[in-house]
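Here's the structure we're looking at; comments come further down.
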Amino acid sequence: MRSSPHETPSPDGTLNAWLAYVIQSKLDVLVALLKEKNDPLAMEHVHKLRVNARRLEAVFRVFEARFPRNKVRMLREELRAMIGLLGYVRENDVVLDMLEHRARTLRAQDKFILSVLLARVSRRQKKGSRRLRTYLKTMRPQELKHQVREMTSTLSGNAAHSRSRSTLRILFRDAMREVIPRLFGEFMRFEERVRDHPNRLEEFHDMRVAGKPLRYMMEIVLPVSGTKVKKCLRDIVAFLTEMGTIHDHDVAIDTIADYLEEITSYDPAMKKGSGVLYRLLEEQRRRREVLFRKLCGTLERWDRENFRSALIQSIA
C-alpha cells in the first residue's frame, strides 16, 4: 500500500514518496501562514511566509523534471511572485528599523535630515505593503493546495504522464547523493568572483540565491542522515545568514547613497547639513566590510578543510 503524503516515508523509500511527503508538509505550513488571522504584514510573519514559500519553490525547482512542465512552471512563477513581494516589504522593513534605531541616538539638530529619509523609506514600505496585502487577498490558499496536490498526484505510478518504472523506483538517498553535490557546485562556482571582487553585488546576489536550494535540500535529507550532515548544514546556514546580513547592509547603503546624491545634486549647500547621513553611510560600509572579510575567511577555511569532500561523505 502506498504511504499517505502525511506519513513519514521509510529512510529507504523512493524519491517520489519522499517528494510527496516533503511537498505536502511544506504546503501545510505555508497554507497555515496564509490563513493566519494576525497582521499578515507584521515583520516576523512576512519573514516566515517568505522562507516557507522559498522552501516549497526550491523543491519544485530542483525536481522540476519530475512534474508536468507547464504546470510546474506556472506554480513556480506564482510562488516567485509572492516571494518577490514579500522580499521587497522585508527589505524596506529592515532599512526602516535601522534608520529608526539610529534616529533615537541623534541630537535634535541632526534628526531633521534623517527624518526626511525615514519618511521616504516609510512611504516606500507602505506602498509595498499595500501591494502585498492586495496580492494576499487575491490568493486563495485552497486553490494553491489544489494546484500542489494535482502536481504531487503525478508522482504516483498511475499518473498518465508517469516515467518508466525504473525512474519511479529511484531511491531518495541515491537521488540526494547526486543532487546535493551538484547544488554545492552551483553555489561555489561564484566563490572566486565574489571573494576577489567584494563590490560586485550582482554576483554576490547570484551566489546567495544559488545557496538557498542547497540549504533547503540539506534540511530535507536530515531525517535520513547522521550528525555529519547536521554539522555541514550548520556551516551553510551560518554562511547564508551572514550573506543575508550583508545584503541588508547593501540595501541600506544604496538607499542612503541614492538619497545623498539626490539632495546634494539638487542643492550643493545641503552637504553641510548631511554629515549624519555620511556618517551613517560609512558606518554601514564598515559593518559590511567586517562581515565580508569574515565570509571570505569561511570560504578559505572550506577550501583548506575540503568542505566539499566532507559534505559528500556526510550523505554517502
Side-chain angles (χ1 to χ4, degrees), residues 19 22-23 26 47 50-67 72-73 75-88 90-91 94 175-222 225 229-251 254 288 291-312 314-315:
L19 284 179
V22 166
I23 289 168
K26 296 190 181 309
H47 174 68
R50 184 168 171 243
V51 169
N52 283 284
R54 282 199 315 230
R55 284 189 170 113
L56 184 58
E57 193 275 336
V59 177
F60 285 115
R61 186 205 310 190
V62 173
F63 296 101
E64 184 173 347
R66 303 187 77 81
F67 302 97
V72 75
R73 288 183 179 175
L75 178 60
R76 285 188 59 208
E77 283 174 10
E78 184 171 346
L79 288 169
R80 286 200 301 266
M82 179 166 64
I83 292 164
L85 288 170
L86 290 162
Y88 183 78
R90 186 191 173 278
E91 283 181 355
V94 169
M176 299 311 278
R177 285 172 188 144
E178 182 276 325
V179 164
I180 287 178
R182 173 170 58 81
L183 291 176
F184 184 74
E186 291 174 5
F187 178 42
M188 295 307 289
R189 69 190 175 96
F190 298 99
E191 175 190 3
E192 188 175 331
R193 281 170 288 170
V194 166
R195 188 165 55 185
D196 295 344
H197 304 282
N199 295 319
R200 289 188 179 176
L201 302 189
E202 186 176 338
E203 286 166 344
F204 180 87
H205 173 74
D206 289 343
M207 183 176 186
R208 182 167 160 261
V209 169
K212 289 172 185 175
L214 172 65
R215 171 187 175 173
Y216 301 144
M217 293 308 106
M218 288 188 68
E219 289 174 349
I220 290 172
V221 85
L222 272 179
S225 305
V229 164
K230 290 182 181 178
K231 182 180 182 305
C232 290
L233 178 57
R234 279 197 302 270
D235 271 10
I236 289 167
V237 169
F239 189 90
L240 290 171
T241 300
E242 286 175 1
M243 290 192 91
T245 305
I246 290 173
H247 173 73
D248 290 341
H249 285 304
D250 287 336
V251 173
D254 282 348
R288 185 199 194 275
L291 286 171
F292 189 82
R293 284 202 301 267
K294 184 180 176 184
L295 209 67
C296 290
T298 300
L299 289 172
E300 288 166 6
R301 176 173 62 82
W302 284 0
D303 286 345
R304 190 170 60 251
E305 297 175 358
N306 200 351
F307 181 76
R308 182 180 186 278
S309 177
L311 176 64
I312 291 171
S314 74
I315 56 173

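On a predicted model such as this, the values are computed, not experimentally measured, just so you know.
- What you find for Phe63 and Met176 is that their closest heavy atoms are CZ-SD, 3.9 Å.
- Annotation: the span from Phe60 atom CZ to Leu75 atom CG amounts to 5.0 Å, rounded to 0.5 Å.
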Side chain to side chain contact (heavy atoms under 4.5 Å, CB included) for Met217 and Ile220? Distances and angles first, verdict last. CA-CA 5 Å; Met217 293 308 106; Ile220 290 172; 3.7 Å; yes
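- To the nearest 0.5 angstrom, Tyr216 atom OH is 11.5 Å from Leu56 atom CG.
- Screening Glu192, Glu191, Arg193, His197 against Arg195 for a side-chain contact (heavy atoms from CB on, under 4.5 Å) leaves a single residue, Glu191.
- Taken from NZ in Lys26 to CD in Glu57, the straight-line distance is 13.0 Å, to the nearest 0.5 Å.
- Residues meeting the side chain to side chain donor-acceptor pair (under 3.5 Å) test with Arg288, sequence neighbours left out: Asp250.
- Every residue two or more places apart in sequence or in another chain that forms a side chain to side chain contact (heavy atoms under 4.5 Å, CB included) with Ser314 is listed here: Lys228, Val229, Cys232, Leu311.
- Smallest separation of non-hydrogen atoms from Ile236 and Met218: CD1-SD, 3.3 Å.
- Between Leu299 and Met207, the closest heavy-atom pair is CD2-CE, 4.1 Å.
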Can you give each donor-acceptor pair under 3.5 Å made by side-chain atoms of residues 180-189, sequence neighbours left out, with the distance rounded to 0.1 Å?
residue, atom, partner, partner atom, Å
Arg182, NE, Glu178, OE2, 3.2
Arg182, NH1, Glu186, OE2, 3.3
Arg189, NE, Glu186, O, 3.4

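- In plain terms, the two heavy atoms of Ser225 and Val221 that are nearest each other are OG-O, 2.8 Å.
- Remark: His47 engages Glu44, Val51, Arg90 in a side chain to side chain contact (heavy atoms under 4.5 Å, CB included) (not counting sequence neighbours).
- Summarising the geometry of Arg215 relative to Leu240, their closest heavy-atom pair is CB-CD1, 3.8 Å, with the distance given to 0.1 Å.
- The shortest side-chain heavy-atom distance between Arg200 and Asp206 does not fall under the 4.5 Å cut-off.
- Partners of Thr245 under the side chain to side chain contact (heavy atoms under 4.5 Å, CB included) rule, at least two apart in sequence or in another chain, are His249, Leu291.
- Residues satisfying the salt bridge (Lys or Arg N to Asp or Glu O under 4.0 Å) test with Arg234, not counting sequence neighbours, are none.
- Going from atom CD of Glu300 over to atom CZ of Arg293 covers 12.0 Å, rounded to the nearest 0.5 Å.
- Under the 4.5 Å side-chain criterion, counting only non-hydrogen atoms from C-beta, Val209 is in contact with His205.
- The distance from atom CG of Leu214 to atom CG of Leu233, rounded to the nearest 0.5 Å, is 8.5 Å.
- Rounding to the nearest 0.5 Å places NE2 of His247 at 9.5 Å from CG of Leu201.
- Side-chain atoms of Glu91 and Val94, non-hydrogen and from C-beta on, never get closer than 4.5 Å to each other.
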